[in-house]
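Here the structure is laid out as structure tokens; the discussion comes afterwards.
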Amino acid sequence: MDKKSIRQMMKEKRLLLNQETFSLYNQSIYHQVIHHPYYQSAKLIACYVSLQYEVDTISLIKKTLETHRVCVPKVHGDIMHFYEIESLDDLKEGCFHVLEPITTKQIQPQDIDLMIVPLLAFDQFKYRVGYGKGYYDKYFASGYQGYKLGLAFSFQYIHSIDIDQYDYCLDEIIVENILE
Ligand SMILES: Nc1nc2c(c(=O)[nH]1)N(C=O)[C@@H](CNc1ccc(C(=O)N[C@@H](CCC(=O)O)C(=O)O)cc1)CN2
Ligand SMILES: Nc1ncnc2c1ncn2[C@@H]1O[C@H](COP(=O)(O)OP(=O)(O)OP(=O)(O)O)[C@@H](O)[C@H]1O
């Protein structure tokens, strides 16, 4: 399926979930992340700052700041850089309404051990679709060598995505693990 149709479909699907379900799913994902061996062994963790309808990372960032170094993305035109933050107070609304760092300590891609990646959809090969600006693929191509961990709700799974030459697949995707 092409990325444009996937984006449209997934944006519609996620509107159908109610707050209680979102909250339950987010809690499950949160617990899986903090018990993950790569999370536990990482020193410097890069994490997106969630928008509404994405897997929530605000509690995760807050918790991670107690135990690890944390950096978060900031967009500059067509590219994205990561800046280390010390607290959630170091964030301010920026590009695309995303909370972005107001700090100045830019992190090099080689220094990040674990990257927690947002997505709109993922497929059987762990390819992802995002909002369509290619920020993450460009970042992965710029020398990032750490682990790539996507966070998603299981309804964001799609069998197959039409990928292009720049697409990287993720190392792993965590979804909610709830008995229904
Ligand atoms: N939380 C988060 N931060 C991120 C990303 C992301 O996907 N999620 N990005 C990944 O590359 C970069 C920002 N890229 C973005 C590119 C486009 C849109 C966008 O089109 N937003 C829509 C609607 C957002 C919504 O559903 O609320 C818009 O502004 O109309 C958002 C982020 C870096 N930070
Ligand atoms: N390393 C790269 N160099 C040049 N162009 C790139 C690179 N990576 C991606 N692009 C281009 O960026 C555009 C958007 O890519 P894509 O549709 O895969 O975005 P996305 O993964 O959904 O978005 P995002 O990573 O921002 O969440 C495409 O035209 C793609 O070819």
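Numbering of ligands and ligand atoms starts at 1, following listing order.
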**Asked** Nearest to atom 17 (O) of ligand 2, what protein heavy atom do you find, and at what distance?
**Response** R7 NH2, 3.0 Å
**Request:** Name all residues meeting the side-chain hydrogen bond (donor to acceptor under 3.5 Å, both in side chains) criterion together with S28; count only those two or more places apart in sequence or in a different chain, and write none if there are none.
**Result:** Q32
**Item:** Distance flag for atom 29 (O) of ligand 2, protein heavy atom under 4.0 Å
**Value:** no
**Prompt:** Taking both backbone and side-chain atoms of V129, is any N or O found less than 3.5 Å from an N or O belonging to ligand 2?
**Reply:** no
**Prompt:** If you count only heavy atoms, which residues are under 4.0 Å from ligand 1?
**Reply:** R14, Y48, V49, S50, L51, E54, P73, V75, M80, F96, V98, P118, Y131, K133, Y135, Y136
**Asked** Is any NZ, NE, NH1 or NH2 atom of the basic residue among R69 and D111 found under 4.0 Å from an Asp or Glu carboxylate oxygen of the other?
**Response** no
**Request:** Have a look at ligand 2 and work out which part of L120, if any, has a heavy atom under 4.0 Å from it: side chain, backbone, both or neither.
**Result:** neither
**Item:** Residue and atom name of the nearest protein heavy atom (relative to atom 8 (N) of ligand 2), distance in Å to one decimal
**Value:** Y166 CB, 3.2 Å
**Message:** Checking contacts here: is it the side chain or the backbone of Q165 that comes within 4.0 Å of ligand 2, counting heavy atoms only? Could be both or neither.
**Reply:** neither
**Message:** Quick check on the 6.0 Å ring-centre criterion: do Y144 and Y168 meet it?
**Reply:** no
**Item:** Partner residues of K62 under the side-chain contact (heavy atoms from CB on, under 4.5 Å) criterion, sequence neighbours left out
**Value:** L88
**Item:** Aromatic ring proximity, centroids under 6.0 angstrom, Y157 and F122
**Value:** yes
**Message:** Show me which atoms of ligand 2 lie under 4.0 Å from any heavy atom of Y131.
**Reply:** 22 (O), 23 (O), 27 (O)
**Fill in**
Going by the 4.0 angstrom heavy-atom rule, the piece of Y135 near ligand 2 is both
**Asked** Does the ring centre of F140 sit less than 6.0 Å away from the ring centre of Y166?
**Response** no
**Request:** Would you tell me whether Q27 and H31 have side-chain atoms, one donor and one acceptor, within less than 3.5 Å of each other?
**Result:** no
**Message:** Among R128, K133, K138, which one puts a heavy atom closest to atom 27 (O) of ligand 2?
**Reply:** R128
**Message:** Can you list everything that forms a side-chain contact (heavy atoms from CB on, under 4.5 Å) with D56? Sequence neighbours excluded, please.
**Reply:** N26, S50, I58, S59
**Prompt:** Using a heavy-atom cut-off of under 4.0 Å, does the side chain or the backbone of L119 touch ligand 2, or both, or neither?
**Reply:** neither
**Request:** Give yes if a backbone or side-chain nitrogen or oxygen of Y136 is under 3.5 Å from a nitrogen or oxygen of ligand 2, and no if not.
**Result:** yes
**Request:** Might you confirm whether atom CG of D164 has over 12 heavy atoms from other residues, nucleotides or ligands at distances under 6.0 Å?
**Result:** yes
**Message:** Using a 3.5 Å cut-off on N or O atoms only, is G132 in polar contact with ligand 2?
**Reply:** yes
**Prompt:** Yes or no on side-chain hydrogen bond (donor to acceptor under 3.5 Å, both in side chains) for Y25 and S154, after CA distance, side-chain angles and deciding distance?
**Reply:** CA-CA 9 Å; Y25 289 2; S154 55; 5.7 Å; no
